[in-house]
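Here the structure is laid out as structure tokens; the discussion comes afterwards.
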2 protein chains.
Amino acid sequence: MSRTPHHPTREQIELPMVLDCLSDPTRLAIVYQLAQQERVSSELRCGDFNALSGKSNLAYHFAKLRECGLMQTRIVGTSRLMRLRREDLEARFPGLLDAVIKSAAKDADRLQLMSECDVVEVD
Amino acid sequence: MSRTPHHPTREQIELPMVLDCLSDPTRLAIVYQLAQQERVSSELRCGDFNALSGKSNLAYHFAKLRECGLMQTRIVGTSRLMRLRREDLEARFPGLLDAVIKSAAKDADRLQLMSECDVVEVD
DNA sequence: TCGATAGTTCAATAAACATTGAACATAGGA
DNA sequence: TCCTATGTTCAATGTTTATTGAACTATCGA
């Protein structure tokens, strides 16, 4: 297990990879939830997404989201804290992330996004 | 060959399908070129994209773009005229298409988009 | 030091995808 | 009516993808 997962630099973020990442319902739900959380803490743990799929499948999607530059992972103890790379994405593709998140919000009932109460805040 | 290709209604357009369609470099180039063309005529023929790939492969991508609701095809003689479903997309996912096209324009050198002069206008 | 917790990695599987060429369908012009 | 131009459809191929469970690694607390 590498100490720090690999992340692309801002300039290495590619549009087709980002769109492909966002096109998967599970990953879109992850990104959406991270965006919702931004108002509160901007970071979530892997376990906060357990309602979406099994652990190993989530790890697969987390890796994809990291590799395409959508999110960043920080290791803290036995947990990994993840956040959206908002600034980098906004610099590379202005308005794109917001447009996707707003579109997802509009279709929240169609997409199997987690409900707000599925995310339990740790005190 | 069916007389009129199938197109989804506005409400049937789904976000993951649209993002998946746009994540393919060939399809992104098609959409980009259609967007560029909008200033002039808003419609292009299949043959105008021959520089991107072979005919049968293009037909495959055209079908995907139609099925996800990104573009509309109109049969005229032996040609098919295609245009972006801008209004429908704007109604379903406000700002999304523009954000993608602007992002593609920013990365025009990385993405193998066709140069303007590859598209030959018919008098 | 032992056990529990949090995630990742690996191998296997089935499904979806992009690409190719050949065959086909349709319409227009000589 | 035949030939050509324009695209689509079909079958075959190899690649990528998502998903699963089992094995593994690392950290924390008792």
Side-chain angles (χ1 to χ4, degrees), chain A residues 1-7 14 16-31 34 43-68 70-83 111-112 119-120 122, chain B residues 1-7 14 16-31 34 43-68 70-83 111-112 119-120 122:
Chain A
M1 209 179 290
S2 64
R3 231 27 229 87
T4 310
H6 173 258
H7 296 89
E14 301 281 356
M17 288 185 68
V18 168
L19 295 174
D20 185 50
C21 244
L22 292 169
S23 74
D24 179 275
T26 302
R27 290 191 292 262
L28 184 57
I30 292 170
V31 167
L34 280 171
E43 282 180 316
L44 281 175
R45 295 178 313 139
C46 298
D48 291 325
F49 301 94
N50 284 342
L52 287 174
S53 183
K55 274 170 47 161
S56 69
N57 185 234
L58 284 178
Y60 165 75
H61 287 301
F62 292 149
K64 287 238 145 190
L65 287 163
R66 275 194 304 266
E67 285 161 18
C68 84
L70 268 167
M71 66 179 219
Q72 203 165 41
T73 303
R74 185 165 70 92
I75 300 181
V76 175
T78 117
S79 294
R80 306 193 170 202
L81 297 183
M82 305 180 306
R83 65 172 187 80
L111 311 166
Q112 55 272 52
V119 178
V120 182
V122 182
Chain B
M1 209 180 289
S2 63
R3 231 29 228 84
T4 309
H6 173 257
H7 298 88
E14 301 281 358
M17 289 186 67
V18 168
L19 295 174
D20 186 49
C21 244
L22 293 169
S23 75
D24 179 274
T26 302
R27 290 192 291 263
L28 183 58
I30 293 170
V31 167
L34 280 171
E43 282 179 317
L44 281 174
R45 295 178 313 138
C46 298
D48 291 326
F49 301 95
N50 284 342
L52 288 174
S53 183
K55 275 171 42 162
S56 67
N57 185 235
L58 284 178
Y60 165 75
H61 287 301
F62 293 149
K64 288 236 145 193
L65 286 164
R66 276 194 303 267
E67 285 161 17
C68 84
L70 268 166
M71 67 180 215
Q72 202 165 42
T73 303
R74 185 165 70 92
I75 300 181
V76 174
T78 117
S79 296
R80 304 193 172 202
L81 297 182
M82 304 181 306
R83 65 172 186 80
L111 311 167
Q112 56 271 51
V119 178
V120 181
V122 181

Can you pull every protein N or O that's under 3.5 Å from an N or O on nucleotides 1-4 of chain D?
none

All N/O contacts under 3.5 Å from nucleotides 28-30 of chain C to the protein, with atom names and distances to one decimal?
none

Given atom [atom1] of [X] and atom [atom2] of [N], what is their separation to the nearest angstrom?
X     : N      : atom1 : atom2 : answer
A:R74 : C:dG7  : CZ    : C1'   : 16 Å
A:R45 : D:dA26 : CZ    : P     : 20 Å
A:K64 : D:dT16 : NZ    : P     : 10 Å
A:L65 : D:dT17 : CG    : P     : 14 Å
A:E43 : C:dA6  : CD    : P     : 17 Å
A:D20 : C:dA16 : CG    : P     : 16 Å
A:I75 : D:dT27 : CD1   : P     : 8 Å
B:R27 : C:dT19 : CZ    : C1'   : 12 Å

Task: Heavy-atom pair with the smallest gap, counting every atom of B:H7 and B:M71 - done: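 Nearest pair, atom of B:H7 first, then B:M71: CD2-O, 3.5 Å.
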Task: Contacts of A:S79 that satisfy side-chain contact (heavy atoms from CB on, under 4.5 Å) - sequence neighbours left out - done: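 With sequence neighbours excluded, A:S79 shows a side-chain contact (heavy atoms from CB on, under 4.5 Å) to A:R45, given in chain and number order.
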When rounded to the nearest 0.5 angstrom, what distance separates [atom1] in [X] from [atom2] in [Y]?
X     : Y     : atom1 : atom2 : value
A:M17 : A:K64 : CE    : NZ    : 7.0 Å
A:L28 : A:H61 : CG    : NE2   : 11.5 Å
A:I30 : A:L58 : CD1   : CG    : 5.5 Å

Open item on the list: Can you identify which nucleotide, out of D:dG7, C:dA6, C:dT9, has its nearest atom closest to the A:K55 side chain?
Closed with: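 Nearest listed nucleotide: C:dA6.
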Open item on the list: From C-beta outward on B:H61, which listed nucleotide comes closest to its side chain: D:dT6, C:dT8, C:dT19?
Closed with: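 The listed nucleotide nearest to B:H61's side chain is C:dT19.
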Task: N/O (side chain, A:R66) to phosphate O (OP1/OP2, C:dT8) under 4.0 Å - done: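 Yes, such a contact exists.
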Task: Nucleotide-level pairing of DNA chain C, given in dot-bracket where Watson-Crick and G-U pairs need both distances under 3.5 Å and | marks other strands - done: ||||||||||||||||||||||||||||||
Open item on the list: I'd like to know if the side chain of B:N50 and the backbone of B:G47 have a donor-acceptor N/O pair within less than 3.5 Å.
Closed with: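 Side chain of B:N50 to backbone of B:G47, a donor-acceptor pair under 3.5 Å: yes, one is there.
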Hey, can you pull the donor-acceptor pairs under 3.5 Å for the side chains in residues 18-26 of chain A, sequence neighbours left out?
{"residue": "A:S23", "atom": "OG", "partner": "A:D20", "partner atom": "O", "Å": "2.7"}
{"residue": "A:D24", "atom": "OD1", "partner": "A:T26", "partner atom": "N", "Å": "2.8"}
{"residue": "A:D24", "atom": "OD1", "partner": "A:R27", "partner atom": "N", "Å": "3.1"}

TODO: Side-chain contact test, heavy atoms from C-beta onward, threshold under 4.5 Å: evaluate it for A:L81 versus A:L44 and give yes or no.
DONE: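 Result no, sub-4.5 Å side-chain heavy-atom pair not found.
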Task: Working for side chain to side chain contact (heavy atoms under 4.5 Å, CB included), residues A:L34 and A:F49 - done: CA-CA 10 Å; A:L34 280 171; A:F49 301 94; 4.1 Å; yes
Give me, pair by pair, the N or O atoms of the protein and of nucleotides 20-22 of chain D that are less than 3.5 Å apart, along with how far apart they are.
{"residue": "D:dG21", "atom": "N7", "partner": "A:S56", "partner atom": "OG", "Å": "3.3"}
{"residue": "D:dG21", "atom": "O6", "partner": "A:S56", "partner atom": "OG", "Å": "3.2"}

Task: Passing candidate, side chain to side chain donor-acceptor pair (under 3.5 Å) with A:T73, options A:R66, A:R80, A:R83 - done: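 The single option meeting the side chain to side chain donor-acceptor pair (under 3.5 Å) with A:T73 is A:R66.
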TODO: List the steps and the verdict of side chain to side chain contact (heavy atoms under 4.5 Å, CB included) for B:C46 and B:M82.
DONE: CA-CA 7 Å; B:C46 298; B:M82 304 181 306; 4.0 Å; yes
